[in-house]
Amino acid sequence: MTAEPDSQPHQKIDRFEKERLRKVDQLIEMGIDPWGQRFDGHIPISRCRELAPAESGQDGEQVRAAGRIMRRRKAGKLRFYDIQDATGQIQLLVSRGDVSDEQWALLSALDLGDLIGVDGPLRLTDTGEISIFVEKITVLCKSLAQPPEKFHGAKDTEMLLRQRYIDLIYNPGVVERMQKRSRIIASVRQTLGTRDFLEVETPVLHAIAGGAAARPFITHHNTRAMPLFLRIALELHLKRLMVGGIERVFELGRVFRNEGIDATHNPEFTMIEIYQAYGDYASMMELTEAIVCDAVKSISESLSLQWCGSEIDFTPPWPRLKYADLLQEHAGCQLGDEASLTAKARELGIPTENVHLDVLANELFEATVEDKLMGPAFVIDYPASICPLTKRKTDNPAIAERFELFVQGMELANAYTELNDPKLQEQLFQTQLAGLSDEDSMARMDHDFVRALKVGMPPAGGLGIGIDRLVMLLTDTRTIRDVIFFPLLRPEGQAPATADGANSEGKPQ
RNA sequence: GAAGGCGUAGCUCAGUCGGCAGAGCAACGGACUUUUAAUCCGUAGGUCGUGGGUUCGAAUCCCACCGCCUUCACCA
């Protein structure tokens, strides 16, 4: 092969990184560690602001703070820096007269994005800005990356998702949203804790991916030479624990569904499932109201919240709307009435050949009703045939004691009076409804689960809540990827991933 | 999986009919002791997502591919 001088893709030289590396060397020459060391005794910037004096001219407390340089301004032998930590921002004022020659020289090696620590008294500037009048600067970490534009910030969606740390640093509200997520989850745990529910952890790797209708991710255990599935639900293990005498139990964890990605779906998401022995779906409605209202109160004064321009009033009790009534109202069909169901389905272009009437009804329900449920509202009493894990109504075996909670057209929770009849469960696992593929069906035979039911599971209510969606609704967030730090993205760049998972992404050798 | 939109300097964005690649911020050099999107003078910075094609000439037109977004399908 002829060697062509330009055939090698030459490494792109980032002139900003080059410049900053020059400053790293400059710091090393000054005897300063560019990457910093333990830094004790600093206080949060929000606290600094509280400690500031009321008027300019007054001397405030001597403080030590640490943060990232967000902006800077020069005015001759005065330098202003705005630094940011997890609690806020504060201005630094460095005056040539207040610092040593070495410290003044150090300023020339500082850049936007660097992490520094400072010591000095709190004072107000002439314009009244709370400032730390710096006496000493400690370099805590040099940044080699050029930050986004100081006024417009970072806006490119792809960059914000791939480099969420940029989003976190430079876009106000991102950290706050995730802090609310944390408070919401803590609130859910507390609501359940005060009601004596036991939090447990069950396997993520399942031999049978049951408990919901979804395509699973498939993986493989090498030494056991067995296929495994990532869990699509928490249900069947938690019910086994109820058989074992744990009467109030819940698990909050990640589940995985190999489906499409959009504003309300990410392949891995966080779900909570809760089971209460000797309850039913009605008791789960009350529990749902308590969990959600407590969560709202954990982040808001009011039970009424704004969401994407709409107002959601969470004040309980929420309406209980019957599935059949809603279908009648919005689709003009009656459950089990072939004529009206197929007529409406044809009108909407939904295939009717070889489809169980209840499956058809449910497709009509999803097409005509769900978007209109602004809620919060419980849809109750589903057709039993599409609920293979649910107890039937005593007076009407065609109806299952199931509810789904809808808010803003989004399904937020799903709950049953749990089926505990092992023979009926076994039978339902074997029944595939016409029009549903194996993948689409919740009915997936799990002999071990049936064996557990034979030991005796108490009558119970069970409830599942989509945590990410709950956080979306409570934080005025339109897409699920903004309540998840690192949503799934395709790999970056042209180089395809190799079999051992290595890629061209400048990994350390 | 389908359709539509987007991809230009580190960032935010212009770029007209196909005719020399632009601005602001950031960077670099300089002035300035109360600034806060500081100001002023100067300098440098580009694989126009990638690869083809049409053309005398392509950021611009055509084709394919990659990535992100939106809507739809699947799903919670």
Side-chain angles (χ1 to χ4, degrees), chain A residues 6 9-10 12-20 22-23 56-57 70-82 89-98 108 111-113 123-131 133 143-163 166 170 211-216 232-233 255-271 349-350 363 366-367 370 404-406 410-414 437 439-440 442 464-470 472 478-481 487 489-496:
Chain A
D6 288 327
H10 58 89
K12 192 176 179 184
I13 300 157
D14 185 331
R15 60 188 200 279
F16 296 100
E17 182 173 330
K18 206 173 163 188
E19 186 61 32
R20 284 165 182 249
R22 186 183 65 75
K23 292 174 182 174
S56 49
M70 302 296 285
R71 284 170 300 277
R72 63 174 161 182
R73 297 166 291 282
K74 285 170 76 171
K77 296 193 168 50
L78 268 190
R79 304 292 163 86
F80 298 92
Y81 297 84
D82 296 334
Q89 295 192 359
I90 196 166
Q91 175 172 273
L92 310 178
L93 183 152
V94 187
S95 169
R96 178 65 189 90
D98 290 350
S108 69
D111 283 303
L112 296 178
R123 288 187 199 130
L124 301 188
T125 60
D126 289 355
T127 51
E129 181 75 26
I130 296 171
S131 307
F133 280 58
S143 169
L144 298 182
Q146 190 68 8
E149 213 257 1
K150 69 177 172 185
F151 187 65
H152 298 94
K155 287 191 170 162
D156 178 63
T157 322
E158 190 173 351
M159 179 175 68
L160 299 181
L161 296 176
R162 288 194 193 282
Q163 302 178 247
I166 299 288
Y170 294 100
R215 298 168 61 187
I232 59 172
V255 296
F256 307 84
R257 297 188 183 178
N258 206 338
E259 310 280 0
I261 301 172
D262 64 27
T264 54
H265 298 87
N266 194 62
E268 51 179 303
F269 63 103
T270 302
M271 180 136 113
I350 296 170
E363 285 177 17
E366 287 171 2
E370 290 191 355
E404 292 192 340
L405 170 64
F406 284 87
M410 227 190 292
E411 185 196 330
L412 187 61
N414 182 20
S437 69
E439 278 174 348
D440 292 336
M442 247 190 270
I465 301 174
I467 293 293
D468 310 280
R469 289 181 178 182
L470 178 64
M472 285 171 65
R478 202 175 47 82
T479 75
I480 196 169
R481 61 176 175 271
L489 294 176
R490 288 192 173 88
E492 206 174 356
Q494 276 98 337

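Side-chain atoms are counted along with the backbone in the values below, which use heavy atoms only and exclude waters and symmetry mates. Order of the sequence lines fixes the chain letters, A, B, ..., with proteins taken first and strands second; residue numbering starts at 1 for each chain.
Between Arg73(A) and U34(B) there is no side-chain polar atom (N or O) within less than 4.0 angstrom of OP1 or OP2. Residue Arg72(A) has no polar side-chain atom (N or O) positioned under 4.0 Å from OP1 or OP2 of C25(B).
Looking at heavy-atom distances under 4.0 Å, Leu412(A) makes no contact with the nucleic acid at all. When heavy atoms are screened at a 4.0 angstrom cut-off, Arg123(A) is found touching no nucleic acid atom at all. Within the 4.0 angstrom heavy-atom criterion, base atoms lie near Glu129(A). Contact annotation for Asp98(A): no contact, since no heavy-atom pair falls under 4.0 Å across all strands. Within 4.0 Å (heavy atoms only), Arg20(A) reaches no atom of the nucleic acid at all. Across all strands, Ser143(A) comes closer than 4.0 Å to no nucleic acid atom at all (heavy-atom distances). Within the 4.0 angstrom heavy-atom criterion, only backbone atoms of the sugar-phosphate kind lie near Arg162(A); the bases stay farther away. Within the nucleic acid shown, Gly260(A) comes within 4.0 Å of at least one base atom, counting heavy atoms only. Counting any heavy atom pair closer than 4.0 Å across all strands shown, Glu411(A) reaches sugar-phosphate atoms only and no base atom. Base contact: Thr264(A) has a heavy atom under 4.0 Å from a base atom.
The distance from the CG atom of Asp468(A) to the CD1 atom of Ile480(A) is 4.0 Å, given to the nearest 0.5 Å. Separation of atoms CZ (Arg481(A)) and OG1 (Thr264(A)) is listed at 11.0 Å; rounding is to 0.5 Å. Of the inter-residue distances, the one linking Asp82(A) atom CG with Ile90(A) atom CD1 reads 9.5 Å to the nearest 0.5 angstrom. Interatomic distance, OG1 of Thr270(A) versus CG of Leu470(A), reported as 11.5 Å (0.5 Å rounding). Note that CD of Glu158(A) is 10.0 Å distant from CD of Gln163(A), once rounded to the nearest 0.5 Å. Taking CD of Glu404(A) as the reference point, atom CE of Met410(A) lies at 14.0 Å (rounded to 0.5 Å).
Nearest nucleotide to the side chain of Leu78(A), out of U34(B), A76(B), C69(B): U34(B). Closest contact between the side chain of Phe151(A) and the listed nucleotides A37(B), A76(B), C69(B) involves A37(B). In the set C28(B), C68(B), U34(B), C68(B) carries the atom at the smallest distance from any side-chain atom of Glu158(A). Of the candidates C74(B), A76(B), U34(B), the closest approach to any side-chain atom of Phe133(A) belongs to U34(B).
Spacing between atom CD of Glu363(A) and atom P of A73(B) amounts to 11 Å, rounded to whole angstrom units. Taking atom CZ of residue Arg490(A) and atom C1' of nucleotide C65(B), one finds them 13 Å apart after rounding to whole Å. To the nearest angstrom, C1' of G30(B) lies 9 Å from NZ of Lys74(A). Atom CG in Leu160(A) sits roughly 20 Å away from atom P in C6(B) (whole-Å rounding). One atom, CZ of Phe80(A), and another, P of A37(B), lie 12 Å apart when rounded to the nearest Å. Atom CD in Gln91(A) sits about 8 Å away from atom C1' in U34(B), given to the nearest Å. Here U36(B) presents its C1' atom at 12 Å from CG of Leu92(A), a figure rounded to the nearest Å. Regarding Arg96(A), its CZ atom lies at a distance of 19 Å from the C1' atom of U35(B), rounded to whole Å.
Remark: the separation of the C1' atoms in C32(B) and U39(B) is 9 Å, to the nearest Å. Rounded to whole Å, the separation between the C1' atoms of G19(B) and U60(B) comes to 11 Å. Spacing between A9(B) and G5(B) at atom C1', rounded to whole Å, works out to 24 Å. Across the P atoms, A14(B) and G24(B) are found 16 Å apart, a figure rounded to whole Å. The separation of C25(B) from C69(B), taken at their C1' atoms, amounts to 26 Å, rounded to a whole angstrom. Separation of the C1' atoms belonging to C11(B) and G46(B) is 15 Å when rounded to the nearest angstrom. Taking the P atoms as reference points, A27(B) lies 39 Å from G18(B), given to the whole Å. For the C1' atoms, the distance from U12(B) to C17(B) is 28 Å, rounded to whole Å.
The nucleotide G67(B) finds its pairing partner in C6(B), both defining distances of the Watson-Crick or G-U wobble pair being shorter than 3.5 Å. Nucleotide C74(B) has no partner under the Watson-Crick or G-U criteria, as no pair reaches both atom distances under 3.5 Å. Applying the Watson-Crick and G-U wobble criteria (two distances, each under 3.5 Å), G24(B) pairs with C11(B). In this structure G46(B) sits in no base pair that meets the Watson-Crick or G-U test at under 3.5 Å. Nucleotide U39(B) is matched to A31(B) when pairs are restricted to Watson-Crick or G-U wobble geometry with both distances under 3.5 angstrom.
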Look for any protein N or O under 3.5 Å of an N or O in nucleotides 41-45 of chain B and output each such pair with its distance, or none.
from   : atom 1 : to       : atom 2 : distance (Å)
G45(B) : O2'    : Arg15(A) : NE     : 2.9
G45(B) : O2'    : Arg15(A) : NH1    : 2.3
G45(B) : O2'    : Arg15(A) : NH2    : 3.0

Can you give me the N/O atom pairs linking the protein to nucleotides 11-14 of chain B at distances under 3.5 Å, or say none if there are none?
from   : atom 1 : to        : atom 2 : distance (Å)
C11(B) : O2'    : Glu149(A) : N      : 2.8
C11(B) : O2'    : Gly153(A) : O      : 3.2
U12(B) : OP1    : Lys155(A) : N      : 2.9
U12(B) : OP1    : Asp156(A) : N      : 2.9

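Residues Glu404(A) and Thr479(A) both approach RNA chain B. Their nearest nucleotides, taken by heavy-atom distance, put Thr479(A) toward the 5′ side. Map Arg478(A) and Ile261(A) each onto its nearest nucleotide of RNA chain B; the residue landing nearer the 5' end is Arg478(A).
Comment: Arg22(A) engages Glu19(A) in a salt bridge, judged by a side-chain N to carboxylate O separation of less than 4.0 angstrom.
In this structure, the side chains of Asn258(A) and Phe256(A) stay at 4.5 Å or more apart for every pair of heavy atoms. Between Asp111(A) and Arg72(A), some side-chain heavy-atom pair lies under the 4.5 Å cut-off. Counting heavy atoms from C-beta outward, Pro487(A) and Leu161(A) have side chains that approach closer than 4.5 Å.
Thr127(A) contributes no side-chain N or O that forms a donor-acceptor pair with the base of U34(B) under 3.5 Å.
At distances below 3.5 Å, at least one donor-acceptor pair connects side-chain atoms of Arg469(A) with backbone N or O atoms of Glu411(A). Side-chain atoms of Arg20(A) come within 3.5 Å of backbone atoms of Ala145(A) as a donor-acceptor pair (strictly under, hydrogens ignored). No side-chain donor-acceptor contact under 3.5 Å links Thr127(A) to the backbone of Thr125(A).
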